[in-house]
Amino acid sequence: MSVELEKNGDIAILRLNRPEALNALSFQILEEIGSAIDDVARMSDVRALLVTGAGDKAFCAGADIKELRNRSLIAQKRGAELGQTVFAKLDALPIASVALVNGYAFGGGAELALACTFRLASQAAIFGLPEIKLGLIPGYGGTQRLPRLIGEGRALEIIMTGRNVNAEEAERIGLVNAVVEGDLMEAGIAFAHRFTRYSLPALEFARCAVQRAHELPLAEGLRVEADLSTLAYQTKDAEEGMAAFEEKRKPEFRDE
Ligand code: CAA
């Protein structure tokens with residue numbers, strides 16, 4: 001197995017473990033990532049997912065270039081669809097995911113990080129969508145998720161030049177939420193714990209409302225927000241949260 005799934009308290013950790021190939025995404029690894037995400041979706045006791053890569057050089061160097069060669073067009077299209085489907089599972093998870101980018105995040109590796117809810121980077125992290133240098137373009141969601149995150153002009157420049165983006169620039173342009181100086185895993189767990197203590201239904205409604213913003217005209221998005229905020233209002237956790245405010249105590253959310 002080139003993908004490891006473990007638990008640290010209420011946090012699931014998915015680690016790509018193919019350091020000899022800089023955690024490149026063979027089709028087998030993609031399938032394994034898909035089943036690991038399915039396993040996480042079935043865990044009722046986890047409140048966040050961290051995604052990272054084994055070794056000290058790479059988060060993930062992208063699609064396995066050696067596997068990409070000499071394929072039929074249909075096989076190539078199915079491969080892109082597989083990567084897109086696997087990464088889309090992160091959006092569909094009821095819990096948020098955090099990519100811990102510990103080195104190179106190129107091509108499909110950058111696209112895996114982009115599919116996570118949040119991204120933290122070590123100071124050594126380097127992002128890039130270098131497909132153009134191979135005569136290709138991103139195929140696992142990069143052309144869609146990068147402009148949504150950092151804007152069309154910046155995204156097109158990164159995609160059309162294939163240039164590298166270091167950790168400092170990644171933070172400045174909003175590609176990552178933060179750059180971490182110390183231990184990335186510790187920082188990732190601490191980052192996740194900043195939201196995991198809140199009501200899971202409320203967290204899920206918030207993610208869902210924001211995700212819909214990309215798909216809907218403003219008026220419809222506002223209707224979705226009104227509906228989801230009313231659903232949140234109907235939870236016992238909302239009752240508890242507002243009561244705790246009035247009683248000047250910490251709320252005890254029960255995900256109800
Ligand atoms: N696919 C397959 N093998 C890869 C790989 C990849 N994407 N990236 C690295 N490797 C392998 C290398 O072939 C090498 O294996 P060998 O020792 O057997 O030769 C090993 O990992 C170590 O790599 P390097 O010796 O190249 O390490 P480096 O430190 O000199 O360079 C690097 C690191 C700059 C990341 C360089 O490996 C590199 O440029 N990799 C390719 C990055 C890339 O182009 N990614 C995009 C792929 S296409 C894609 O992802 C399409 C999509 O949208 C899904």
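Both counts, for ligands and for their atoms, begin at 1 and track the order of listing. Note that the coordinates shown come from a computational prediction; the quantities given were computed from them, not determined experimentally.
- In this structure, atom 16 (P) of ligand 1 lies nearest to the protein heavy atom K66 NZ, 4.2 Å.
- The shortest contact between atom 51 (C) of ligand 1 and any protein heavy atom is with E131 OE2, 3.3 Å.
- Here F118 and F195 bring their ring centres to under 6.0 angstrom of each other.
- For ligand 1, the atoms lying closer than 4.0 Å to a non-hydrogen atom of Y140 are 53 (O), 54 (C).
- Heavy atoms of L136 come nearer than 4.0 angstrom to ligand 1 in no pair at all.
- When the options A21, P19, S26, G139 are ranked by their closest heavy atom to atom 4 (C) of ligand 1, first place goes to A21.
- The presence of a protein heavy atom under 4.0 Å from atom 30 (O) of ligand 1 is ruled out.
- With a 4.5 Å cut-off on side-chain heavy atoms, L25 and D64 do not count as touching.
- Considering only non-hydrogen atoms, atom 42 (C) of ligand 1 lies nearest to A61 out of G162, A61, G103, G141.
- The shortest separation from a heavy atom of G83 to ligand 1 is not under 4.0 Å, leaving the residue out of contact.
- Counting atoms of ligand 1 from 1 in the listed order, those under 4.0 Å from a heavy atom of P138 are 53 (O).
- Using a cut-off of 4.0 Å between Lys/Arg side-chain N and Asp/Glu carboxylate O, E225 and R212 are scored as not salt-bridged.
- For E247, the CD atom is densely surrounded, since the number of other residues' heavy atoms within 6.0 Å is greater than 12.
- Under the 4.0 angstrom criterion, atom 26 (O) of ligand 1 counts as lacking any protein heavy-atom contact.
- Atom 48 (S) of ligand 1 has L134 CD1, 3.8 Å as its closest protein atom, hydrogens excluded (heavy atom only).
- Ranking protein heavy atoms by distance to atom 36 (C) of ligand 1, first place goes to L22 CD1, 4.6 Å.
- For ligand 1, the atoms sitting less than 4.0 Å from at least one non-hydrogen atom of F106 are 34 (C), 35 (C), 42 (C), 45 (N), numbered in the order shown with element in parentheses.
- Taking the charged nitrogens against the carboxylate oxygens, D10 and R197 have no contact shorter than 4.0 Å, which rules out a salt bridge.
- Residue G142 places no heavy atom under 4.0 Å from ligand 1.
- Heavy-atom proximity to G107, at under 4.0 Å, picks out these atoms of ligand 1: 46 (C), 50 (O).
- When hydrogens are left out, the protein atom nearest atom 2 (C) of ligand 1 is D64 OD1, 3.4 Å; that is the closest non-hydrogen contact.
- More than 12 heavy atoms of other residues, nucleotides or ligands shown are found within 6.0 angstrom of CZ on F27.
- Taking 4.0 Å as the cut-off between side-chain N and carboxylate O, E240 and K236 do not count as a salt-bridged pair.
- More than 12 heavy-atom neighbours from other residues, nucleotides or ligands sit within 6.0 angstrom of CG on D45.
- The protein atom (non-hydrogen) at minimum distance from atom 44 (O) of ligand 1 is P130 CG, 3.5 Å.
- Summarising the contacts of atom 47 (C) of ligand 1 with C60, A63, A24, the nearest heavy atom is found in A63.
- At least one side-chain heavy atom of L22 sits under 4.5 Å from a side-chain heavy atom of K57.
- Between E169 and R163 a salt bridge is recorded (basic side-chain N to carboxylate O distance below 4.0 Å).
- Residue E239 places its CD atom among 12 or fewer non-hydrogen atoms of other residues, nucleotides or ligands, all under 6.0 Å distant.
- Of all protein heavy atoms, the one closest to atom 41 (C) of ligand 1 is I65 CD1, 3.8 Å.
- Within 4.0 Å of atom 10 (N) of ligand 1, at least one protein heavy atom is present.
- Atom 14 (C) of ligand 1 has its nearest heavy-atom neighbour, among E111, K57, Q84, E20, in E20.
- Looking at heavy atoms from C-beta onward, R254 lies in side-chain contact with D237 at the 4.5 angstrom threshold.
- Salt bridge status for E157 with R154: absent, with no side-chain N to carboxylate O gap under 4.0 Å.
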